[in-house]
Amino acid sequence: MRSSSLIEAIGETPLVELPSFSPKPGVRIFAKLEGNNPTGSVKDRIARAMVQAALDDGSLDASRTILEPTSGNTGISLAMITSRLGYRFTAVMPDNVSPERSELLRAYGAEIISSPGEEGSNGSIAMAKQIVAKDPSYLMLFQYGNAANPGAHYATTGPEIIRDLPEITHFVAGLGTGGTLMGTGRALKEYNPKIEIIAAVPEPDDRIQGLRSLEEGFVPPILDLSMLDARSMVSGEESFRGTAELLRREGVFAGVSSGAVLAAALRLAGRVDNANIVCLFADGGWKYLSTGLWTRTYDDLKESVEGKIWW
Ligand SMILES: Cc1ncc(COP(=O)(O)O)c(C=O)c1O
C-alpha cells in the first residue's frame, strides 16, 4: 500500500491465522500483528489520534512540549509523530524498562524523565501529573483518559478486523489503558452484539510490560468494565512461554504481552466448540530482545531480570 508519509502508513496491519494453536477444527485463532506499525506497536494508532485531537482543539501549538507517562510504546509513537510534525516531546518512564525503549526514544529526539522503577507505571503517572501542574508549557495528552485513544481503535482497528474476518466471534487483547479493548470492542459490538470481548490481565503480583492489574489501585478513566465479557488472568510465566512458543510454532516474533493474550485465547479456545478468535498482538519482539527470552529458559531468565518489568 502506498502512503504519502510515515504517519499515513499507520494501521492496516495483517490479520494472520495461527493454525498450529487451533485445538479443534471448529476453533480458529487469528492474530492482528500490530508490531507491523511504523514504530513497531499498536500505539502508533492512538498517538496519531491524540496529537490530531490536540491540534484540532487548539491545545497543541509551538509553545507547548508534549509530556506523557509511558512504559515505552506510546512514548516511542509520540516521539516519531512529534518529530515529523516539529513538536517537542518528553517521556516520563520507569527507570527499569528495557534499554531498547530509551534508546529509540532518544533516537527520535525525545527527552526522558525517569521515575522510580519499583513504582511501575503508576509512579510515572504521578510524576507526570506533578510536572504538568507546576509547568503549564507542558501538555499531557494522558492516554489513560483521552477519548482519542479508544476513538482511534473504534475508527481503525475495529473496522479492519470486521473487514478481514466478518465471522469473528471473540476478541482478545491486553488491558493497559483499556483503549484497544474499549474502542475495538465498541466497533465489534455495534457490528454484532454477540461478539465477546476478553481482556488479558496480569496476575496481581506479576508484571507484564504494557499490561495492568486493576487491583493495583488505578483504574484508567477511559475504561468501562461493562464493555468486557471476561477478564482472563495470566501469569508472567505463561506470557513468557506463550511469546517463545509463538515464534517457535508460527514464526511470529511478538512482544511479551502477546504471549499473555495468546494464553488467554488458548484458555478460551479450550472451552468452546466453534469460534473465530482474534488476538491483538500489541507489539513486535524487538524491544524485548535484550531479555534473551527466545534463547534462554524461563528459570534462567527469571533470575536475571528479577525486579525489572521486562515481561
Ligand atoms: C506492549 C503492550 N501491550 C498491550 C498494551 C495495552 O493496550 P491498551 O493501552 O490499549 O490497553 C500496551 C499499552 O500500554 C502495550 O504497550
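Order of appearance sets the numbers: ligands from 1, and atoms from 1 within every ligand. Positions are given from 1 along the sequence. When reading the values below, keep in mind they use all heavy atoms of this one structure, side chains included, and skip hydrogens, waters and symmetry mates.
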_Non-hydrogen side-chain atoms of Lys189 and Ile195 separated by less than 4.5 Å_ =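 Side chain of Lys189 against side chain of Ile195, heavy atoms only: no contact under 4.5 Å found.
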_Lys/Arg N to Asp/Glu carboxylate O, Arg267 vs Glu238, below 4.0 Å_ =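 Salt bridge present between Arg267 and Glu238.
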*asked:* Keeping Glu68 on the side-chain end and Thr74 on the backbone end, is there a donor-acceptor pair under 3.5 Å?
replied: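 Checked: no pair found.
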*Going only through I, L, V, M, F, W and Y residues with side-chain contacts under 4.5 Å, is there a path from Leu246 to Phe240?*
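Per the 4.5 Å side-chain linkage, Leu246 and Phe240 are not co-clustered.
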Can you name the atoms of ligand 1, numbered from 1 with element, that are less than 4.0 Å from a heavy atom of [X]?
X: Gly174; answer: 6 (C), 11 (O)
X: Tyr288; answer: 1 (C)
X: Asp283; answer: 1 (C)
X: Gly178; answer: 8 (P), 9 (O), 11 (O)
X: Ala282; answer: 2 (C), 3 (N), 4 (C)

_Ring-face cation of Arg249 near Phe21 (centre distance under 6.0 Å, axis angle within 45°)_ =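 Yes; both conditions hold, so Arg249 lies above the ring face of Phe21.
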*Are the ring centres of Phe253 and Trp286 closer than 6.0 Å?*
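Aromatic pair counts; centres sit under 6.0 Å.
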*asked:* Are Tyr144 and Phe218, when compared by the centres of their aromatic rings, separated by less than 6.0 Å?
replied: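 Centroid separation for Tyr144 and Phe218: below 6.0 Å.
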Counting heavy atoms only, which of [options] comes nearest to [atom]?
atom: atom 11 (O) of ligand 1; options: Gly176, Ala173, Ala200; result: Gly176
atom: atom 15 (C) of ligand 1; options: Ser41, Gly210, Ser121; result: Gly210
atom: atom 8 (P) of ligand 1; options: Thr177, Asn73, Val42, Leu211; result: Thr177

_Arg101, CZ atom: more than 12 neighbouring heavy atoms under 6.0 Å_ =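 Yes.
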Could an N or O of ligand 1 be found under 3.5 Å from any N or O of [X], whether backbone or side chain?
X: Ser257; answer: yes
X: Lys43; answer: yes
X: Thr180; answer: yes

*asked:* So if I apply the side chain to side chain donor-acceptor pair (under 3.5 Å) rule between Asn73 and each of Glu34, Lys43, Lys287, which one comes out positive?
replied: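 Going through Glu34, Lys43, Lys287 one by one, the side chain to side chain donor-acceptor pair (under 3.5 Å) with Asn73 is satisfied by Lys287 alone.
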*Could you tell me if any non-hydrogen atom of Tyr144 lies under 4.0 Å from any atom of ligand 1?*
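Under 4.0 Å: no for Tyr144.
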*So is Gly255 in contact with ligand 1, going by heavy-atom distances below 4.0 Å?*
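No, Gly255 has no heavy atoms under 4.0 Å from ligand 1.
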